[in-house]
Amino acid sequence: RNMTRLRRYIYKLQKAESRKLFSVINSQTLEGKIDQNYISPYKHWCALSKSPIVIAYDQRVLKSDTISFYNDVLQPKWKGKIALQEQENSTLRVLSVSFSVLGGAKNKAFMSQLHAQTALPKSGDDLVQIKRINSWQAQLGFIELSSLVKANQRKDSLNSAVYKNVGVIFPSQTQKGCFYNITGAGIYRYARNADNARKLLKFLISKRAQYDFSSGRAEFPVLDGIEADQRLEKYGKFRARFVAN
């Protein structure tokens, strides 16, 4: 009750902020803890962990260097070979927000051109797109890396073969990096125990808690110097770009 429910989607945090549902987090709670890119410009919320938006691909027919940038998927050769989630899915929402913030006619047109590239119905979440690639319905899809890691732990939905069949590409690594979603939190404006809420938030972005919190969600820590869960480390290092602020 002290804190708002953990919000995993950047646009939801921003929406709550626009409705003035958060109180200001004092500087003592955040100062020197995490990069300013992980904090709302108005200090109403902060990120606790992050999950990169990657391009999932069928390793049985494609190679990891097939695509280097997000815009590469708009090439004619990929038409009808891309799986996409429902329009309001968080993965697509992060992409949409990120490209719109970047500005420029080319970036703003990205999402409409991307939707025109798929021949499959737009439905489901990241897990559905992973299944589509695994079952030969598509060759490419956008997912959060954490979705693939967690999916392979669910014995009822996927089997270990998916690790061999579905690979991931971190786009834009030679430029400014790939986009990512966050799990974040803010303090409810009308919280009865705001002081305890601040203590909890301060704890969650401490060295003591960052590894356990982020690895529990199969995501990366936002605090520098904290190692990532070994399930994520196997995918290697990557450059991330946060633009939603």
Side-chain angles (χ1 to χ4, degrees), residues 50-85 89-96 98-99 102 106-107 109-154 157-181 218-220 227-243:
K50 60 185 180 182
S51 182
I53 305 297
V54 299
I55 298 177
Y57 71 99
D58 190 339
Q59 295 190 115
R60 295 166 295 188
V61 294
L62 301 176
K63 296 182 179 180
S64 60
D65 59 355
T66 300
I67 288 177
S68 299
F69 306 99
Y70 289 108
N71 282 315
D72 288 348
V73 301
L74 301 181
Q75 296 174 8
K77 65 180 179 180
W78 301 119
K79 190 172 182 64
K81 299 178 181 179
I82 300 174
L84 292 179
Q85 298 87 334
N89 180 270
S90 65
T91 301
L92 293 189
R93 176 70 70 166
V94 171
L95 280 178
S96 178
S98 298
F99 274 100
L102 289 177
K106 183 178 180 180
N107 289 323
F110 175 82
M111 292 307 297
S112 60
Q113 293 176 21
L114 177 61
H115 284 287
Q117 283 289 84
T118 182
L120 293 169
K122 303 178 188 70
S123 64
D125 54 13
D126 288 5
L127 180 58
V128 171
Q129 315 321 312
I130 294 169
K131 287 181 175 180
R132 284 173 161 179
I133 294 173
N134 191 48
S135 61
W136 302 97
Q137 296 180 54
Q139 293 182 7
L140 300 171
F142 291 92
I143 64 169
E144 290 185 38
L145 181 58
S146 60
S147 298
L148 179 60
V149 174
K150 289 186 288 189
N152 278 276
Q153 294 180 315
R154 295 173 55 181
S157 60
L158 292 173
N159 56 56
S160 59
V162 175
Y163 268 124
K164 298 180 180 179
N165 297 339
V166 180
V168 299
I169 298 169
F170 294 102
S172 302
Q173 292 304 286
T174 58
Q175 294 185 349
K176 293 188 177 181
C178 62
F179 304 130
Y180 57 86
N181 203 353
E219 298 179 355
F220 290 87
E227 65 178 10
D229 188 287
Q230 61 181 1
R231 295 171 298 171
L232 298 167
E233 288 285 1
K234 65 175 292 183
Y235 291 98
K237 303 290 184 180
F238 69 95
R239 177 182 294 180
R241 182 182 189 184
F242 188 74
V243 298

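For the ring-ring contact (aromatic ring centres under 6.0 Å, His included) test, residues two or more places apart in sequence or in another chain that qualify with F238 are F170, F220. Residues meeting the side chain to side chain contact (heavy atoms under 4.5 Å, CB included) test with R239, sequence neighbours left out: Q173. By the side chain to side chain contact (heavy atoms under 4.5 Å, CB included) test, K234 is found to be paired with Y163, residues two or more places apart in sequence or in another chain being considered. Annotation: side chain to side chain contact (heavy atoms under 4.5 Å, CB included) contacts of P171 (sequence neighbours excluded): I55, Y70, C178. Applying the side chain to side chain donor-acceptor pair (under 3.5 Å) rule to K81 yields no partners; only residues at least two apart in sequence or on another chain are considered. A search for side chain to side chain donor-acceptor pair (under 3.5 Å) contacts involving Q59 returns Y57, not counting sequence neighbours. A search for side chain to side chain donor-acceptor pair (under 3.5 Å) contacts involving Q117 returns nothing, not counting sequence neighbours. With sequence neighbours left out, S135 forms a side chain to side chain donor-acceptor pair (under 3.5 Å) with Q137. In terms of the side chain to side chain contact (heavy atoms under 4.5 Å, CB included) criterion, residue partners of V168 (sequence neighbours excluded) are, by chain and number, V54, L145, L148, Y235.
Residue pairs meeting the salt bridge (Lys or Arg N to Asp or Glu O under 4.0 Å) criterion with at least one partner in residues 59-75, sequence neighbours excluded, are D58-R60.
R93 and S98 are not linked by any side-chain donor-acceptor pair at a separation below 3.5 angstrom, with hydrogens and angles left out of the test. In the model, N89 has no side-chain atom that pairs as donor or acceptor with a side-chain atom of D125 under 3.5 Å. The closest side-chain donor-acceptor pair between T91 and D126 falls under 3.5 angstrom.
Between the side chain of S146 and the main chain of E219, no donor-acceptor pair closer than 3.5 Å is present. For the pair Q85 (side chain) and F142 (backbone), a donor-acceptor distance under 3.5 Å is present.
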